[in-house]
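Reading through the structure tokens given below for one structure.
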Amino acid sequence: MINEARIKAGYTQDEAAELMKTNKRVISQTEANKRTISADELAQFSRMYNVDVRELLFVDFTSEGEEKRLAAKYSSFFKLLEKLSDRDVEDVYWVIKRKVDGLL
């Protein structure tokens with residue numbers, strides 16, 4: 001989860017908020033899954049906490065066993081993502097998020 005990544009990176013919620021140019025309430029709500037996170041925010045958390053975006057996504061949506069199964073299933077997709085620019089990756093996650101939300 002995002003809060004575990006923040007703690008592991010050694011940031012307080014206040015420090016994370018400052019780095020994200022937002023307030024602590026937004027960080028708190030994000031960590032409590034009380035607000036939707038944008039692809040841009042997800043990418044920013046990933047860079048800030050020095051974790052792969054996939055780690056932040058999979059912890060929220062799958063169990064550890066399911067994560068391993070999905071990682072194996074989609075390894076070629078992940079390899080393709082690694083070749084994309086940060087902006088292109090953000091666009092891909094934006095589309096995925098919209099699809100999950102039923103907006104596409």
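The figures that follow rest on heavy atoms only: side chains count, while hydrogens, waters and symmetry mates do not. Model, not experiment: these values are computed from the prediction. Just so you know, residue 1 is the first one in the sequence shown, and it goes up from there.
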Supply the atom-to-atom distance [X] [atom1] to [Y] [atom2], rounded to the nearest 0.5 angstrom.
X	Y	atom1	atom2	answer
D86	S46	CG	OG	8.5 Å
L42	W94	CG	CH2	15.0 Å
T36	Q29	OG1	CD	10.5 Å
R25	R35	CZ	CZ	9.0 Å

> Taking a hydrophobic cluster as the set of Ile, Leu, Val, Met, Phe, Trp and Tyr residues connected by side-chain heavy atoms closer than 4.5 Å, whether directly or through intermediates, do L81 and V53 fall within one such cluster?
Replying inline: yes
>> Quick check on the hydrophobic clustering: are I7 and M48 connected, directly or via other members, by side-chain heavy-atom contacts under 4.5 Å?
In response: no
>> When you compare the side chain of F45 with that of I27, does any pair of heavy atoms fall below 4.5 Å?
In response: yes
>> Do V92 and V89 have side chains that approach each other closer than 4.5 Å (heavy atoms only, starting at C-beta)?
In response: no
> With distance as the sole test, does T22 use its side chain to make a donor-acceptor pair with the main-chain N or O of A17 at under 3.5 Å?
Replying inline: no
> Where the side chain of E31 meets the backbone of S28, is there a donor-acceptor pair that is under 3.5 Å apart?
Replying inline: no
> Which atom names give the shortest non-hydrogen contact between Q44 and L19, and what distance separates them?
Replying inline: NE2-O, 3.5 Å
>> For a quick test of reading the model, state the closest non-hydrogen atom pair linking Y11 to A16 and the distance between them.
In response: CB-N, 4.5 Å
> Would R87 and E90 pass as an ion pair if we require N to O under 4.0 Å?
Replying inline: yes
> Is it true that E41 and R47 have a side-chain N and a carboxylate O under 4.0 angstrom from each other?
Replying inline: no
> How about E18: does its CD atom have over 12 heavy atoms from other parts shown lying under 6.0 Å from it?
Replying inline: no
